[in-house]
J.: 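Before we start, here is the structure in question, set down as structure tokens.
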Amino acid sequence: MQYQCCGCKAGVSIGSVYQYFTSKEALLSAVIGRESAPLLRVTEELSQTRGFHAAI
């Protein structure tokens with residue numbers, strides 16, 4: 001993945017991408033965190049449901 005592609009897809013300049021993410025790894029980490037947050041939230045909610053652990 002190139003930074004230029006990320007900036008173009010996001011509708012921002014490449015300078016903005018560099019301002020917020022110091023490396024491709026930092027950008028990837030942010031994307032993974034954002035995309036996995038809803039799944040983690042649902043998993044946490046389900047784990048609090050009565051009988052959840054017995055069902056798995």
Side-chain angles (χ1 to χ4, degrees):
M1 176 193 314
Q2 295 181 348
Y3 266 12
Q4 292 85 351
C5 294
C6 295
C8 182
K9 292 276 187 185
V12 298
S13 70
I14 188 64
S16 293
V17 176
Y18 280 114
Q19 180 180 357
Y20 290 103
F21 304 103
T22 56
S23 66
K24 288 181 183 180
E25 292 80 10
L27 174 59
L28 182 60
S29 178
V31 170
I32 290 171
R34 184 191 72 194
E35 295 299 315
S36 63
L39 178 60
L40 293 173
R41 217 173 8 261
V42 169
T43 303
E44 180 62 29
E45 290 171 9
L46 285 174
S47 72
Q48 301 302 316
T49 303
R50 184 179 167 116
F52 173 77
H53 295 285
I56 60 168

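All heavy atoms count here, side chains included; hydrogens, waters and symmetry mates do not.
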J.: Mind checking side-chain contact (heavy atoms from CB on, under 4.5 Å) for R41 and listing every partner two or more places apart, or none if nothing turns up?
T.: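 Expected list: A37, P38, E45.
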J.: Identify whether V31 and Y20 are in the same connected component of the hydrophobic contact network (ILVMFWY, side-chain heavy atoms under 4.5 Å).
T.: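 Looking at the clustering, Y20 is in the same group as V31.
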J.: To the nearest 0.5 Å, tell me how far T49 OG1 sits from E44 CD.
T.: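 Answer rounded to 0.5 Å: 10.0 Å.
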J.: Strictly distance-based, threshold 3.5 Å: is any side-chain N or O of S29 a donor or acceptor partner for the main-chain N or O of A26?
T.: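 No: the side chain of S29 does not pair with the backbone of A26.
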J.: Quick one: side-chain hydrogen bond (donor to acceptor under 3.5 Å, both in side chains) partners of Q19, sequence neighbours excluded?
T.: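 Partners of Q19 under the side-chain hydrogen bond (donor to acceptor under 3.5 Å, both in side chains) test: none.
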